[in-house]
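For reference, the structure discussed in these notes is given below.
Letters go in sequence order (proteins before strands), and every chain restarts at 1. From a predicted model like this one, the values you see are computed outputs, not experimental measurements.
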2 protein chains.
Amino acid sequence: MATIADVARRAGVAPSTVSYVLTNRRSISPATREAVEKAIRDLDYRPHAGARSLRGARTRVLALSEPRDAGRYQSIGWRFVHHLSSAARAHDYDLLLLTGEDNVVDNLRRVAGSRLADGAMVMSLHTDDPRVPALRELRFPAALIGKPRNAMGLPWCDFDFAGAAALAVRELARAGHRQIAFVGSSDGEFQLGLNYAPRAVAGARVEAKAAGVHLHVIRSSRSHRTMVRRTRALLASDPAPTAVIIHYDVPALPSILRGEGYSIPEDLSVVVIAATPDLSSELPLARSELPVEEMTRNAVELALAAIEGDPSDEHRLIPARLTKGQSIAPPRRRS
Amino acid sequence: MATIADVARRAGVAPSTVSYVLTNRRSISPATREAVEKAIRDLDYRPHAGARSLRGARTRVLALSEPRDAGRYQSIGWRFVHHLSSAARAHDYDLLLLTGEDNVVDNLRRVAGSRLADGAMVMSLHTDDPRVPALRELRFPAALIGKPRNAMGLPWCDFDFAGAAALAVRELARAGHRQIAFVGSSDGEFQLGLNYAPRAVAGARVEAKAAGVHLHVIRSSRSHRTMVRRTRALLASDPAPTAVIIHYDVPALPSILRGEGYSIPEDLSVVVIAATPDLSSELPLARSELPVEEMTRNAVELALAAIEGDPSDEHRLIPARLTKGQSIAPPRRRS
DNA sequence: CTGTTAGCGCCTTCAT
DNA sequence: ATGAAGGCGCTAACAG
């Protein structure tokens, strides 16, 4: 593999000049720059990442932390990762994955200590996540994807789950619904303490109270059988809900509703919040999409800002936007 | 951050001695070892990754390559990544994610050239994947997860999709079925050229011919509407299939079948191949699970072997094992 | 505008 | 069983 010395020799300049061409840290005559760039191309030269980081420069690597158990419940994880990687590459950064270790915190310590990365992004935040104080103590630059109970001065960005839920309630209330069901995240997500799960419920509750509507709250389940049971109980309650808000993807739920003999939106209005692009549905559901691209772009920006030294506790709560599909109708008159 | 010199000073030994304690490359008296280890603990010393890699040692990082577009079709990806990360950590390796760039091959060149990783693992292989010749040319140690048409001497491991399909056909034939439907991967996966999609179909075809049964082959679709349409056409064909093999997860399919008035297994037997752990189904389906843990463990082993210098073109095709659920019954007599 | 040089932290050969 | 010293490839301070 070619080194900076090889390039310098071939271009007939000093190694430092090559370095300066690369880093743009002082002015270079067009002629020299041209010669150096040609030599770089000819030799397919790439700076040695280890040497760079040793010299005190950046590793240009961002660590991505996610607890091992989160993967089970969050199939969206992969979408986030793809977008995070793109966003990081846009700043010439790579992503180092920190999911495989039992102990999330040790893993961060290790990476920070051995300077494998310049900073971290933290996914699947629990309400009281041990990684938050650890990052603080390590003084390792980081951005949180998700809102912990206490960010302890770390920057974070998140989707406004509470706002999305409130918006859905408001929209349904405006259409005339007075009995609204809220199907929250799955049992597993609640049990892990994933912060967005209760936040969405809380948002819905507040707005329901303000709008004077009754909210029937249940959780979803990954077990189809359980889901059917809970749905039946929900629909059988008296007074029965005339609209359903679904937090996140419970792809089977519309099918279950139909299976129980309800048609959408005639018998039941439906709104999905924090939704993923939906290919499976027959009819365009009213929804607020989870803005994955925007979230990841912001997360990377915040992490890089933290690396640059701004110890900002900036946070970005991305507002929900409701796309009205064809799944909201006025409530059917009780017969 | 502490350096090796700090540790040496604190332990009252030479830096090289500390290094030897760390790398175990020569015998150390118990006393010195103890002293050094204490100093390491006291200072929470961690070797500088960049310095190590500069010195010619390993980076202890494995790159993980997946094309950007694959994420859309393979929700399983995240499971693989989690397991790969665990497997890598078991060998004290970290994972660097290569998904964010438009050009997968450039990305590999870059990482190999700048020595950000010691080797790579390659996911979502297309039948003729450009990464294979590129890795060959770069002489970058790598293991493929998936079987390309031509591995060009690179080691690979994969699930025996053809065998799994054949096994399913055989089992259904043995139960008396003569008209078997095969619901293959989705249009998207076929279009991307993901290698497992056609392999499973081919395996089913070969076994069907050998067993003298007729095979109705369709592809699945992520669109629920399309899926319903195709399923109806399939069930309406004459002679109608009495059993269905589902390649990979089409979670909605059992529901669709039931929705069309078929009960499982009375009206229709069902076998799932390359299945993911199923939480959503009412009844335990006959299935061969995709052995994710085993695949990822093997992939890491092969990659590390390649890094160690064995230029083996070893490959590991992991055989399918069928779990008989309660979804296979003899075909219903035509009425 | 460009060249020379020191040193980042580690491993390893050579010497003891 | 342990030390001393050189150099991996790069950047930045210092010279010109």
Notebook entry, point to check: Would you find a donor on one side and an acceptor on the other, under 3.5 Å apart, between the side chain of Ser85(B) and the backbone of Val81(B)?
Noted result: no
Is any side-chain N of the basic residue among Glu66(A) and Arg131(A) closer than 4.0 Å to the acidic one's carboxylate O? no
Of the candidates dG9(C), dG9(D), dG3(C), the side chain of Ala51(B) sits closest to dG9(C)
_Quick check: any donor-acceptor pair below 3.5 Å linking the side-chain of Arg52(A) to the base of dG9(C)?_
no
I want to check one thing: is the phosphate of dT11(D), taken as OP1 and OP2, less than 4.0 Å away from some side-chain N or O of Thr23(A)? no
**Asked** Is Asp158(B) reaching over with its side chain to a backbone N or O of Lys147(B), donor-acceptor style, under 3.5 angstrom?
**Response** yes
So what does Leu22(A) hit on the nucleic acid, given a heavy-atom distance under 4.0 Å: a base, only sugar-phosphate, or nothing? nothing
Considering only heavy side-chain atoms of His48(B), the closest of dG3(D), dC8(C), dG9(C) is dG9(C)
**Short side-chain donor-acceptor distance under 3.5 Å, Thr32(B) and Ser29(B)** = yes
With the side chain defined as heavy atoms from C-beta on, Arg26(A) is closest, among dC8(D), dA13(D), dC14(C), to dA13(D)
So Val18(A), base contact, sugar-phosphate only, or nothing? Heavy-atom distance under 4.0 Å.
nothing
Does the base of dT11(D) carry an N or O that pairs as donor and acceptor with the side chain of Arg25(A) under 3.5 Å? no
Atom CD1 of Ile4(B) and atom P of dG7(C) are separated, to the nearest Å, by 19 Å
Asn24(A) atom CG is separated from dT11(D) atom P, nearest whole Å, by 12 Å
Thr17(B) vs dG3(D): side-chain N/O to OP1/OP2 distance below 4.0 Å: yes
Short side-chain N/O contact to dT2(D) OP1/OP2 from Ser29(B), under 4.0 Å = yes
inquiry  = Suppose we call a contact any N or O donor and acceptor under 3.5 Å apart; does that hold for the side chain of Tyr20(B) and the base of dT13(C)?
reply    = yes
Query raised in the report: Hey, does Thr32(B) reach any base, or is it just sugar-phosphate, or nothing, if we go heavy atoms under 4.0 Å?
Result: sugar-phosphate
Rounded to whole Å, the CG-P distance (Asp6(B) to dC10(C)) equals 9 Å
Ala14(A) has its side chain closest, among dC10(C), dT4(C), dC10(D), to dT4(C)
Exercise. Between the base of dC8(D) and the side chain of Arg55(B), is there a donor-acceptor distance below 3.5 Å?
Worked result: no
Are any of Ser16(B)'s side-chain N or O atoms less than 4.0 Å away from OP1 or OP2 of dG3(D)?
no
Within 45° of the ring axis of Tyr20(B) and under 6.0 Å from its six-membered ring centre, is that where the NZ or CZ of Arg25(B) lies?
no
The reported gap from CG in Leu317(B) to CG in Asn298(B) (rounded to nearest 0.5 angstrom) is 11.0 Å
5'-most contact on DNA chain D (nearest-nucleotide basis), Arg33(B) vs Pro15(A), goes to Arg33(B)
Query - Touch class at under 4.0 angstrom, heavy-atom based, for Ser19(A) against every strand present - result: base
Arg9(A) atom CZ is separated from dG3(C) atom P, nearest whole Å, by 14 Å
